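See structure below.
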Amino acid sequence: MKTSLREQIIKKEGTTFPSKTYTSMVLEPAYDEAKQQFIDSMVEIHKAHLIMLVEQGLVGNEEARKIAKAVANLDAQEINNRRYTGEFEDLFFEVEHALIEDAGDIAGNLHIARSRNDMGIAIYRMTLRKKLLLLVEKALTLREALIELTDEHKETVMIGYTHTQQAQPTTLSHYLNAMTDMLTRDITRLQAAYKTVNRSSMGAAALTTSGFGISRERMKELLGFEDMIDNAWDAVAGADYIAETATAVQLSALNLGRSIQDFLLWGTQEYGAFLLSAPYVQISSIMPQKRNPVSIEHMRGLLSSVAGDCQTVLLMLHNTPFGDIVDTEDDMQPYMWKAIEKLGGIYDLLTSVLLTMEVKKETLLKRAKESFANVTELADTIVRKDGLSFRQAHHVVSATVKELMQSGKTSLESLTLKLLNEQSKMVAGKESVLTEEELDQCLSPEYFVQIRDLEGGPSPSRMEKTIEVRLYEQKQLVNWLDERQKHLTTSALKVSATFTEWTGANE
C-alpha cells in the first residue's frame with residue numbers, strides 16, 4: 001500500500017523537536033554562528049551578571065565562587081568544536097546545562113532577573129560593536145593612505161570631469177582629498193552607529209525588567225556599554241541599532257564604489273592614468289598583452305554585495321512586530337557581519353592598491369595641455385583684462401573654441417591671439433588687450449591650478465593647508481578609536497580581576 005505524502009514527511013522529519021529540515025535550515029546554522037561569534041560575549045555577560053548579583057546581595061559569596069569556577073571552566077575552543085545535536089535548543093541552553101552540571105543546581109541562580117531576550121540583545125550589540133571598531137580602524141588606515149597620496153600628488157595635474165566630459169584642470173591631489181572627505185563622513189556615520197549600538201539591554205529581562213533588586217547601571221559599566229536602554233520593552237524590541245549600522249555601512253559602500261568605477265576607467269590604456277602593481281593584476285588566457293585590473297573589478301562587485309547585504313538587513317526588519325522576535329535576531333545578524341567584514345577587507349585591499357600603483361604624471365599633464373579644459377581661465381582673464389562681463393567673455397571663448405573645432409583642431413595649441421581677437425571683435429566689438437605671453441599663461445593647466453587658491457581649491461599651496469587640517473582630523477579620529485577600544489579592554493580586565501580572585505586562579 002502506497003504511503004501518503006503526509007506519512008512520508010512525518011517519517012522523514014520525525015515526531016519530536018527538532019525536525020530534520022528545521023535543524024538543517026535554521027537551528028544548526030544559528031548554532032554554528034553562535035559558537036563562532038557569541039561565546040566570548042556570553043561568558044563576559046555571565047561574569048558581569050554574577051558580580052552584580054553578589055554586589056546586590058542576591059547571591060552569596062560561597063555560591064558565587066562555585067558558579068565562578070564553573071564559568072571559568074568553560075572551554076571556548078571545546079565548545080567551538082561541538083556539533084548541533086538537537087539535545088539542546090540552542091547554545092544558550094547548552095552552556096547553562098554545562099554550568100549546572102559543573103557547579104550544581106545553584107548555577108541556575110545565574111539566571112536571576114535575566115532572560116535570553118535581554119542577554120541575546122546584549123550579545124548582538126557586544127559582537128557588533130567590536131566589528132564596528134575594527135571597520136573604523138581599517139577605514140582610518142585607508143584615510144591615512146589617501147592623505148599621504150594627497151600630499152604626494154599636489155602637483156600632479158590632470159583633467160577633472162563633469163557629466164563624464166572634460167571640464168577643468170585640477171590635480172590628483174584634489175580628487176584624493178575629495179575621497180578623503182567623503183570617507184571622513186562615512187567614518188562619522190559609523191561612529192554615530194557605534195554610539196547607538198553600544199547601549200546595554202541587560203536588566204530588561206523578558207520585556208518588563210524584574211522584581212529582583214538588580215542594578216542595570218552596574219551591568220552597563222561592567223560590560224563596557226556607554227549608555228543604558230531605559231525602556232525594557234524597547235531594550236528587547238528595538239532593532240534600529242542594526243538598521244542604523246546597515247545604513248551607515250551601505251552608504252559607505254555606495255560612496256566608495258563611485259571612486260572604484262573611476263579607477264577602473266582611468267586604468268584603461270585610453271586613459272592611461274596609472275599602472276597597477278603586479279600583485280593586483282591578472283593576465284589573459286589568450287591575449288598576451290593583457291594586464292587585467294581584476295583587484296579593482298572585484299572591489300566594485302564586492303561593494304555591491306556589501307550594499308545588498310545591508311539592504312537585506314533593512315528588508316528583514318520591515319513590517320516586523322515591535323517586540324522580541326527572531327526576524328531581527330539570529331537570521332538577520334549574519335548579513336550585517338558579512339557586510340562589515342567585506343567592507344573592511346575592501347578598505348585593506350584598496351589601501352594596498354593605491355599605495356603601490358604607478359601614476360602616469362606626464363600622460364595626465366600632456367592630456368590637460370592638449371585639451372580645451374583650460375578655457376574657463378581664458379574667459380576669467382578676459383573679464384579681468386578687457387572689462388567684459390563674464391557672459392560676454394564666455395561667448396568670445398565659446399566662439400573661439402567652436403571655430404577651432406570646426407576647422408578640425410582638437411586642442412588649445414592651435415588657439416592664437418589672432419583667432420581670439422577675430423571672435424572678440426565679432427562678439428564684443430573690440431580686440432582683447434591680452435599679449436601673447438598672457439594668452440599662453442592663461443591657457444596653461446599648471447597656471448589654472450596654481451591660482452585656484454580658495455578654500456577647497458586644488459592649488460598646491462591650498463592643498464598644503466588642507467592636508468594639515470586632515471592630519472589633525474586623523475589624530476582626533478584615531479583618539480576616538482583608541483578611547484573606545486581602551487574602554488572595552490578596561491571593563492573586561494576589571495571583570496576578569498574579580499573572577500581571578502573568586503576562582504583562585506593565581507593561587
Side-chain angles (χ1 to χ4, degrees), residues 12-46 49 74-100 110-111 114-132 197 201-202 204-207 235-243 245-246 249 305-306 308-342:
K12 172 191 169 189
E13 296 291 333
T15 57
T16 59
F17 179 88
S19 79
K20 183 177 180 181
T21 301
Y22 186 44
T23 295
S24 63
M25 183 70 185
V26 177
L27 297 175
E28 188 172 18
Y31 178 84
D32 290 340
E33 289 282 5
K35 287 190 308 179
Q36 183 179 2
Q37 301 286 347
F38 296 152
I39 189 62
D40 290 340
S41 296
M42 186 180 290
V43 170
E44 277 190 66
I45 290 174
H46 284 326
H49 193 68
L74 290 172
D75 187 338
Q77 185 58 51
E78 189 272 330
I79 292 173
N80 204 41
N81 290 334
R82 296 178 189 173
R83 298 190 63 181
Y84 185 76
T85 63
E87 181 183 358
F88 304 100
E89 180 180 323
D90 58 16
L91 184 64
F92 173 85
F93 283 119
E94 184 170 346
V95 169
E96 184 178 66
H97 177 78
L99 293 174
I100 292 174
L110 191 58
H111 206 54
R114 194 178 72 181
S115 165
R116 270 195 307 174
N117 295 1
D118 62 341
M119 185 176 174
I121 295 299
I123 288 173
Y124 295 142
R125 288 172 177 267
M126 291 168 72
T127 301
L128 190 53
R129 72 185 180 184
K130 291 177 185 177
K131 294 182 183 298
L132 273 172
V197 167
S201 59
M202 293 304 298
L207 82 163
V236 300
D240 54 309
Y241 74 94
I242 191 170
T245 303
V249 172
S305 175
V306 170
D309 286 338
C310 292
Q311 192 64 29
T312 297
V313 169
L314 296 172
L315 289 175
M316 288 180 74
L317 176 62
H318 179 60
N319 279 351
T320 56
F322 185 50
D324 176 71
I325 194 164
V326 297
D327 304 54
T328 62
E329 297 171 1
D330 290 344
D331 293 335
M332 176 195 286
Q333 301 289 331
Y335 289 98
M336 192 70 260
W337 306 333
K338 285 191 294 183
I340 289 175
E341 287 162 10
K342 277 186 284 190

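All figures in this text were calculated on a predicted structure; none of them were measured in a lab. Reckoned from all heavy atoms, side chains included, excluding hydrogens, waters and symmetry mates. Residue numbers count from 1 along this sequence.
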Side-chain contact test, heavy atoms from C-beta onward, threshold under 4.5 Å: evaluate it for [X] versus [Y] and give yes or no.
X	Y	value
D32	K35	yes
L207	D324	no
R83	E28	yes
M336	V249	yes
L27	Y84	yes
D309	I340	no

Next on the checklist: With a sphere of 6.0 Å drawn around OH of Y335, does it hold more than 12 non-hydrogen atoms of other residues, nucleotides or ligands?
Outcome noted: no
For the student: nearest non-hydrogen atoms of [X] and [Y], plus distance:
X	Y	value
A122	I45	CB-CD1, 3.8 Å
V95	M42	CG2-SD, 3.8 Å
Y22	P18	CD2-CB, 4.4 Å
P334	D330	CD-O, 3.1 Å
A205	S115	C-CB, 3.3 Å
T328	Q333	O-NE2, 3.3 Å

Any donor-acceptor N/O pair, [X] side chain to [Y] backbone, under 3.5 Å:
X	Y	answer
K20	E13	no
T312	G308	yes
S201	A235	no
S41	F38	no
D118	M202	no
Y31	V26	no

Going from [atom1] on [X] to [atom2] on [Y], what distance comes out if it is rounded to the nearest 0.5 angstrom?
X	Y	atom1	atom2	value
R129	L132	CZ	CG	11.0 Å
Q77	R82	CD	CZ	11.5 Å
H318	D327	NE2	CG	12.0 Å
N80	I39	CG	CD1	8.5 Å
I123	E329	CD1	CD	11.0 Å
L99	H46	CG	NE2	5.5 Å

Next on the checklist: Here's a test for you: under side-chain contact (heavy atoms from CB on, under 4.5 Å), which of V326, L314, L317 qualifies with M332?
Outcome noted: L317
Checklist entry - Yes or no on side-chain hydrogen bond (donor to acceptor under 3.5 Å, both in side chains) for K130 and Q37, after CA distance, side-chain angles and deciding distance? => result CA-CA 11 Å; K130 291 177 185 177; Q37 301 286 347; over 6 Å; no
Next on the checklist: Under 4.0 Å between a side-chain nitrogen and a carboxylate oxygen: does that hold for R114 and E96?
Outcome noted: no
Checklist entry - If you measure from the Lys or Arg side-chain nitrogens to the Asp or Glu carboxylate oxygens, is any gap between E89 and R116 under 4.0 Å? => result yes
Next on the checklist: Going by the rule side chain to side chain contact (heavy atoms under 4.5 Å, CB included), which residues pair with D240 if we only count those two or more places apart in sequence or in a different chain?
Outcome noted: none
